[in-house]
Structures are given as C-alpha cells and as structure tokens.
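Structure first, then comments.
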Amino acid sequence: MDFLSELRSRLRTALTSLTDSPETFVDMLKPSQDGKFGDFQANCAMPLAKLVKQTPRDVAAALIAKLDVADLCETPDIAGPGFINFRLKTERLADETAKLTRDDRLGVATVTSPRTYIVDFSSPNVAKPMHVGHLRSTVIGNALCRVLQFLGHRVLSDNHVGDWGTQFGMIIYGYKHFRDDAAYRGDPVAELARLYRLVNQLADYHDLVANLPKLREKQAASEMAVATARQTSAAKPADKDAARQAKKVEQELVDLKAEITSAEKKVGVVDANPALKLLADAHPKIGELARRETAKLHAGDAENKRLWDEFVPQCMAALESMYKRFGVQFDMALGESWYNPMLPDIVDELKKKNLAVVSEGATCVFVEGNAAPFIVQKADGAFTYATTDLATIRYRVETLHADASLYVVDSRQSEHFQLLFATAKKMGFDQTEFRHVSFGTVLGEDRRPYKTRSGDTIGLESLLDEAIQNARKIVDENSAHLSEADRANVSVLVGMGAIIYVDLHHNRDSDYVFSWEKMLATNGDTATYNQYAYARVCGILRKGEVDARELRAAGHAIQLTSPAERALALQLNRFTNAVADVSIDYRPNLLTQYLFETANCFASFYNDCPVLTAEPASLRASRLLLCDATARVLKQGLELLGIGVAEQM
RNA sequence: GCGCCCGUAGCUCAGCUGGAUAGAGCAACGGAUUUCUAAUCCGUCGGUCGGAGGUUCGAAUCCUCCCGGGCGUACCA
C-alpha cells in the first residue's frame with residue numbers, strides 16, 4: 001500500500017487542531033533518509049512550534065497523542081530537535097505486501113482526476129537523418145508518455161516533425177540537379193540525405209567564401225582590441241574591470257580564430273575535391289535558389305508539391321524504423337506542414353488583438369521583460385516556427401482539449417518557449433499547462449557536444465548499432481549458456497537499455513558526458529544491473545518450477561523474518577510513490593533511482609535469504625512471492641522507461 | 001550589454017517545494033558465498049557542497065554580491 005500517503009492523511013487529521021493550513025505541514029512527512037530513523041519521518045514539529053509558541057518536542061508529543069496510527073506503526077518516537085520517526089509494524093507491512101503481490105498494478109494508484117496530456121517530443125527534421133541530438137527528447141518523451149499513461153491520464157504523443165522548412169528547398173534543389181537515379185531507387189531516404197548534405201555543403205561553401213574576408217578584417221580589428229586591452233590592463237594591474245575586459249576580448253579573438261579555421265577547413269574540403277569544386281562553381285547561387293524552391297513549395301508550386309508528397313512519406317517510414325527500435329509509438333505526427341493553412345489566421349488574430357506590431361518590417365509580439373521580439377511573420381512575409389507553434393497551441397487546446405502540453409525540447413530553446421507561452425496566454429490560452437520539459441546536451445569526453453573524431457555529428461542509427469555490438473561482446477563473455485539467438489536478443493536489450501537508461505538516470509536539466517565504458521558497465525547503476533536482477537529472479541522461479549499465477553492465487557502470507565526481506569518489502573510498497581514522483585516535475589531519473597534501489601534490495605535479499613531451500617514451506621512461499629513481485633516491479637518499471645528485460649541473460 | 005543554466009568525493013553524477021552526521025556509482029583497498037546466475041554481496045578510504053555575506057531554530061537547497069564555465073540573444077527551426 002501507499003504508506004506515505006496513508007501516513008500523511010493521518011497526519012493531516014491530527015494537524016487540524018493545531019493549524020488552519022495543515023497541507024504545508026503534511027508534506028513534511030517523508031521517507032526517512034536513514035534507516036535508523038525508522039521508515040518515515042515527520043519534520044513539521046519545528047516550524048509548528050513557532051506558530052503555537054511551544055517547544056518543538058512538546059508539539060511533537062502533542063501530535064503523536066493525536067495521531068491515530070496504531071494500526072500502521074509502532075508508537076512514533078521523538079528524536080533530535082523534534083523529528084517524529086515512524087516505524088511500520090512489520091506484521092502490517094507483511095500483510096500489505098501480500099496484497100501488493102496479488103495486485104495487477106503492483107500498488108500503483110491511478111489518479112483521481114485524469115488530465116489530457118499532449119507530449120511533444122523527438123520532432124526531428126524529416127529531411128535529415130536523426131542524430132545524437134534527438135536521443136534525449138525521444139527517450140525522455142517516451143518515458144513520460146508511458147508513466148503518465150500508466151497513472152491513468154489520457155496521453156497523446158505528438159511528433160512535431162520539421163517537414164516544411166528551408167531544408168526541403170535544399171532537397172528539392174538537390175533532387176532536381178544532382179540526383180543519382182539508381183541510388184534513389186535503391187534507398188531513397190539515403191539518397192535524399194546525401195542530396196541535403198551536398199546542397200548544404202555547397203551553399204555553405206559560397207557563404208563562407210563570401211564571408212571569409214570580412215572575418216579576417218574582424219580578426220585584425222580584434223587583434224588590435226586585444227593589444228589595447230592588454231596595455232590598459234597592464235597599466236593598471238589593480239583594475240579588475242580592465243583585466244576582465246582584456247580577458248573577454250581575448251576570448252572573442254580565440255572564438256573568431258576558431259570560426260575562421262573552421263570556415264577555411266570547410267572551404268578547403270571543397271577546393272581540394274575537383275568534382276565538388278566543379279559543382280560549386282556551376283551553382284554559385286545555390287543558397288538563394290534553394291530558398292526559392294522552399295518559397296515555391298509554400299506558394300503551392302505543383303512540381304515541388306509533388307516532390308514533397310513523394311519524399312515525406314518515405315522519410316517518415318525511415319523514422320518509423322528508428323522509433324520501433326526505441327519502442328516509441330506516436331499517436332500523431334502533425335508536422336509544421338499540417339499547421340501551414342492556419343498560420344495567416346494566427347497573425348491576423350494577433351494583429352486584431354493588438355498583440356502584434358510591425359517592427360523593422362517583421363510582425364512581432366513583444367513580451368514584457370524580454371528584449372527579444374517574438375517574430376510571427378518575417379519581413380518577406382514568411383511565417384516562422386513561432387507562428388506554427390502558436391497554431392499548434394490553438395489546435396491542442398481547442399480541438400484536442402489538452403489540459404497540459406509538454407514540450408520535450410533542448411534547454412537552449414527556453415527563451416523561445418518563454419515567449420511562446422507568454423504570447424499564448426495573451427491570446428487567451430490560459431487554462432492549459434504549458435511546460436517546456438527541457439534537457440541538457442550530450443557531451444563527449446572532451447566536454448564538448450558529442451561528435452565523431454572528425455567533428456561530425458553522430459548518427460542515431462549508428463549509435464544504437466554500436467551499443468548493440470558492444471553489448472554483444474559482453475553477452476558473449478558472460479552467457480555461454482545461451483543460444484546464439486538468445487544472445488543476439490539479449491544484446492539488443494542490453495545495448496538499447498544501456499543507452500536509454502544512461503540518458504534517463506541523469507537529471508534531465510544537466511548536460512552529461514557520454515561514455516561507452518560507464519554505460520555498458522555490468523555493475524553499478526546501469527540498465528544491465530537492473531536487467532540482471534530481473535533475470536536472477538526469473539532464474540529462481542524457473543529452477544523451482546514455480547507457476548507464478550498459481551503462486552499468486554494460492555493466498556500465501558508474507559513473512560518478513562530478516563532485515564533484507566523487510567527492506568525489500570518496504571521498497572516494493574514504494575513503487576507507487578516513485579511513479580507518481582516522475583509525473584510531478586516530469587523527471588524520469590526518479591524512477592531509475594528507485595529501480596536501482598529495488599534491484600539493490602533484491603541483490604541483498606538474494607544473498608541473505610535462500611528461497612528454494614527455505615524451510616518451512618510457508619517461508620519458501622513467502623520468499624517466492626517477494627521474488628515474483630520484485631520481478632514484476634522491475635519489469636514494469638523498466639518498461640515505463642522504454643527498457644526491455646529478458647528472463648535469462 | 002541583456003537573459004537562462006551550471007559549479008557537490010580523484011572521475012561520472014544524485015540530492016536543490018530548507019531538516020538530523022551531504023549520498024550513489026566508478027576507481028582504490030579489504031572481506032564474503034564449495035549455495036537459487038560472481039553481470040553478486042558486505043565493509044574501508046575519500047567532500048572548505050566555487051567564494052563571501054544574509055534570512056532561519058536549522059541552508060548544498062532561499063536572497064544578494066563576487067569568481068569560474070556553458071548556452072541563448074530580430075527575421076533558421
């Protein structure tokens with residue numbers, strides 16, 4: 001059972017005579033940080049003492065006198081300055097655990113008032129292959145969908161794909177001028193990706209060539225500025241501002257040099273390749289022409305629309321294979337193009353309501369406290385992703401009746417979302433929770449965004465393949481007892497699980513350093529450790545030839561005869577709290593943490609408590625039930641994260 | 001310039017709606033099981049929570065300032 005909620009509820013009752021606002025104090029009852037303080041602790045006596053002008057220990061004593069918890073715990077203790085420590089009655093814990101072992105939902109309550117959630121995640125650009133940057137959004141979004149759904153909410157997952165932007169002009173341009181028909185027939189998506197990269201490269205080339213002289217001029221100026229600043233700083237060693245200024249301009253120079261080097265490198269690549277250079281020279285205005293293709297598409301040009309209609313489904317199908325590997329299913333994939341017809345209305349409405357003004361030719365919404373404008377229509381008349389996002393909000397609120405809309409997107413876009421939500425509110429969409437579920441960057445060992453040695457972004461497909469290959473080595477070392485097919489299957493689970501788990505177990509706000517070694521470690525807080533714990537439980541049930549269904553139906557009691565059994569039982573009863581905690585602030589890492597603790601509790605139990613040889617039979621049955629429930633919690637918990645398990649590994 | 005985020009053990013990270021002696025994992029070191037999978041368990045070592053003030057009975061957590069780092073910042077999404 002949910003002991004935490006139950007105890008809080010009892011505390012609420014006890015508090016009513018002491019304060020008018022018990023709610024703030026009820027939350028101060030929490031699981032104990034340390035086992036020696038019991039199973040739960042209430043910290044509310046100290047702040048209450050101030051209100052009622054008594055000593056904290058007296059308040060604690062008064063609360064205990066009013067608390068009706070005799071059926072749940074031993075008499076609570078007062079400790080330290082006035083902490084109230086609760087220790088569950090082991091008998092009651094055993095009874096409740098027995099109930100949990102028979103419960104389909106493993107004690108996880110469904111919410112009393114379900115909401116409609118839109119979870120917007122992954123959202124790749126259909127023109128380009130997915131890369132490591134899409135990993136976190138996909139994995140976190142998937143986990144949140146599963147958790148919210150499991151809690152009983154109505155969840156609609158939406159893949160807000162980029163299918164209407166400038167990249168499509170590039171593909172169309174590439175297709176018209178550079179396509180390799182045989183390659184396109186063989187693997188259309190790969191050929192389109194090649195065309196995108198090629199056009200992008202050539203357009204970049206011309207931009208950079210045009211820009212380099214300006215950059216070099218800037219470098220000369222910057223060098224002067226550095227020299228001046230250094231002089232100033234040297235003249236007044238005590239002047240901190242001068243030192244800071246010197247440092248700043250030095251950094252600017254370093255950045256500028258890096259920019260120039262990178263530009264020269266990119267230009268050099270084309271110059272050094274006669275075939276590329278020939279193409280570049282033949283298409284000097286490629287950037288502008290590609291943009292024109294985009295504009296034509298938006299204007300309804302028949303040929304471009306036909307190409308678009310041909311390309312998009314193929315790209316979507318390619319994405320689908322990736323999602324399959326992650327176990328991701330979208331309820332809808334309403335991309336930018338889908339909202340295209342609604343964009344003029346949005347701008348009209350903003351103008352009508354005097355929310356948008358024209359500034360420097362662009363139609364903008366200005367939000368108090370933000371210097372940057374929210375541009376809904378560019379000077380050239382084109383709409384932006386701001387406009388699309390507003391149309392999306394309207395659709396989600398008015399048509400889908402969303403209570404909450406979550407955007408699982410990179411933290412770098414926080415300013416955009418701040419402006420978006422503020423604008424939506426001004427438009428009157430103020431009854432819906434809009435939430436930017438932001439996350440940090442995946443870094444390489446060099447603490448820079450994760451790239452290949454040569455500096456390219458890492459494709460998601462190859463990342464997953466590599467994970468599975470690496471996992472295969474580990475499986476081969478450890479699992480000679482499995483068949484070839486089973487080892488292959490386990491390798492997929494271990495490799496995918498490792499990637500997903502590492503991502504989710506970090507606080508989503510943080511950047512994290514990607515490390516194959518840590519991720520695929522067979523010990524520690526990893527997916528493998530959890531999966532292995534699951535497999536060990538299954539091993540017991542298999543070896544004992546136990547039919548789990550019969551076991552659950554037999555009505556055995558749970559006996560908690562040792563600390564390890566008691567700890568495991570308590571941990572299993574906390575599953576409901578862990579799942580609910582994820583949904584409060586959309587933090588899957590709270591669930592990975594719980595699962596690791598659970599697997600850990602089980603491993604201790606496994607060491608201390610023989611199961612199959614336990615005597616008498618009632619104890620054996622009790623331990624088997626604990627095993628079965630542990631397996632189900634681990635499986636269910638990992639499943640909520642999008643991670644699979646194998647019964648043998 | 002303005003805005004957002006971050007700085008916790010040698011390394012990677014939790015903890016941040018204030019609560020007891022700041023926790024994991026890895027690494028290092030030492031133990032355990034001829035036993036249901038050793039992809040295990042138990043223990044030891046390891047921290048001025050970037051710094052200084054402030055609020056509080058109590059601060060890693062809240063406020064202010066400083067230092068250091070990242071990101072964003074008008075027509076890409």
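Order of the sequence lines sets the chain letters (A, B, ...), proteins ahead of strands, with each chain counted from 1. Values below: all heavy atoms of this structure, side chains included; hydrogens, waters and symmetry mates excluded.
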To the nearest Å, how far apart are A/Asp509 CG and B/C13 C1'? 14 Å
Send over the distance from A/Leu595 CG to B/A14 C1', rounded to a whole Å. 15 Å
If you take atom types as modelled and just measure distance, does the side chain of A/Ser359 reach the base of B/A74 with a donor-acceptor pair under 3.5 Å? yes
Between A/Arg574 and A/Glu597, does a salt bridge (Lys or Arg N to Asp or Glu O under 4.0 Å) hold up when you go through it step by step? CA-CA 11 Å; A/Arg574 284 179 173 161; A/Glu597 285 164 7; over 6 Å; no
Please measure how far the P atom in B/C6 lies from the corresponding atom in B/U17, and state the result in whole Å. 11 Å
When the C1' atoms of B/A60 and B/A14 are considered, how many whole Å apart are they? 12 Å
C1' gap between B/G25 and B/C67, integer Å: 30 Å
For nucleotides 15-21 of chain B, just jot down a letter per nucleotide in 5' to 3' order: B, S or -, based on protein non-hydrogen atoms under 4.0 Å. S---BBB
Pair A/His160, A/Tyr339 - check ring-ring contact (aromatic ring centres under 6.0 Å, His included), show working. CA-CA 10 Å; A/His160 192 76; A/Tyr339 294 98; 5.7 Å; yes
Look at all strands and tell whether A/Glu517 reaches a base, only sugar-phosphate, or nothing, counting heavy atoms closer than 4.0 Å. nothing
Among B/C4, B/C36, B/U56, the nucleotide that comes nearest once only the side chain of A/Lys50 is considered: B/U56
Find which nucleotide of RNA chain B each of A/Gly369 and A/Glu647 is nearest to by heavy atoms, and output the residue with the more 5' nucleotide. A/Gly369
Which part of the nucleic acid, if any, lies within reach of A/Val513 when heavy atoms closer than 4.0 Å are counted: base, sugar-phosphate only, or nothing? sugar-phosphate
Just to be sure I understand the rule, does A/Arg448 reach a base, reach only the sugar-phosphate, or reach nothing, if contact means heavy atoms closer than 4.0 Å? sugar-phosphate
Using a strict cut-off of less than 4.0 Å between a Lys/Arg side-chain nitrogen and an Asp/Glu carboxylate oxygen, indicate whether A/Asp476 and A/Arg487 qualify as a salt bridge. yes
Length of the CG-P vector between A/Asp476 and B/A39, whole Å: 14 Å
Which dot-bracket string describes RNA chain B (Watson-Crick N1-N3 plus N6-O4 or O6-N4, or G-U N1-O2 and O6-N3, all under 3.5 Å; [ ] crossing; | other strand)? (((((((..((((.....[...)))).(((((.......))))).....(((((..]....))))))))))))....
Tabulate protein N/O versus nucleotide N/O from nucleotides 41-47 of chain B, keeping only pairs under 3.5 Å, one per line.
from  : atom 1 : to       : atom 2 : distance (Å)
B/C41 : OP1    : A/Tyr529 : OH     : 2.4
B/C41 : OP1    : A/Asn600 : OD1    : 3.4
B/C41 : O4'    : A/Asn607 : ND2    : 2.4
B/C41 : O3'    : A/Ser604 : OG     : 3.4
B/C41 : O2'    : A/Asn607 : ND2    : 3.2
B/C42 : OP1    : A/Ser604 : OG     : 3.0

Whether A/Arg542 contacts B/U37 is assessed here as follows: a side-chain N or O lying under 4.0 Å from the phosphate OP1 or OP2. Is that the case? no
Which comes earlier along RNA chain B counting from the 5' end, the contact point of A/Ile375 or that of A/Ser510, where each point is its nearest nucleotide? A/Ser510
For ring-ring contact (aromatic ring centres under 6.0 Å, His included), just list the numbers for A/Trp164 and A/Trp338, CA-CA rounded to whole Å, side-chain angles, deciding distance to a tenth of an Å, and then say yes or no. CA-CA 9 Å; A/Trp164 200 244; A/Trp338 201 80; over 10 Å; no
With respect to the phosphate group of B/U37, does any side-chain polar atom (N or O) of A/Asn478 fall under 4.0 Å of OP1 or OP2? no
Nearest-neighbour nucleotide for the A/Pro373 side chain, B/U56, B/C36, B/A74 considered: B/A74
Using OP1 and OP2 only, check whether a side-chain N or O of A/Tyr385 sits under 4.0 Å from B/A77. no
So what does A/Tyr512 touch, heavy atoms closer than 4.0 Å: a base, only the sugar-phosphate, or nothing? sugar-phosphate
Within the modelled atom types, does a donor on one side and an acceptor on the other bring the side chain of A/Ser479 and the base of B/A39 under 3.5 Å apart? yes
Could you tell me whether the side chain of A/Pro610 reaches within less than 4.5 Å of the side chain of A/Arg623, counting heavy atoms only? yes
Walk me through it: do A/Asp204 and A/Arg197 pass the test salt bridge (Lys or Arg N to Asp or Glu O under 4.0 Å)? CA-CA 10 Å; A/Asp204 249 12; A/Arg197 279 197 304 272; over 6 Å; no
Nearest-angstrom distance from the residue atom CG of A/Asn370 to P of B/C4: 9 Å
Can you tell me how far C1' of B/C26 sits from CD of A/Glu445, to the nearest Å? 13 Å
Within the structure shown, what part of the strands sits under 4.0 Å from A/Gln531 by heavy-atom distance: base, sugar-phosphate, or nothing? nothing
Looking only at side-chain atoms of A/Phe596, point me to the closest of B/A24, B/C71, B/A14. B/A24
Given B/C57, B/C11, B/C13, identify the nucleotide with an atom nearest to the side chain of A/Lys518. B/C11
Would you indicate whether the side-chain heavy atoms of A/Ile474 and A/Leu520 approach each other to under 4.5 Å? yes
Separation of A/Gln167 atom CD from B/A77 atom P, in whole Å? 9 Å
Measuring only between side-chain heavy atoms, which start at C-beta, is A/Tyr407 closer than 4.5 Å to A/Ser123? no
From C-beta outward on A/Ala372, which listed nucleotide comes closest to its side chain: B/U40, B/C36, B/U73? B/U73
Any chance you could lay out the salt bridge (Lys or Arg N to Asp or Glu O under 4.0 Å) test for A/Asp410 and A/Arg412, step after step, and finish with the verdict? CA-CA 5 Å; A/Asp410 202 319; A/Arg412 282 175 295 202; 2.7 Å; yes
In terms of side-chain heavy atoms of A/Glu360, which of B/U37, B/A74, B/C13 is nearest? B/A74
Rounded to whole angstrom units, what separation is found between the CG atom of A/Leu625 and the P atom of B/C36? 22 Å
Choose from B/A74, B/A39, B/C57 the nucleotide whose nearest atom is closest to any side-chain atom of A/Cys364. B/A74
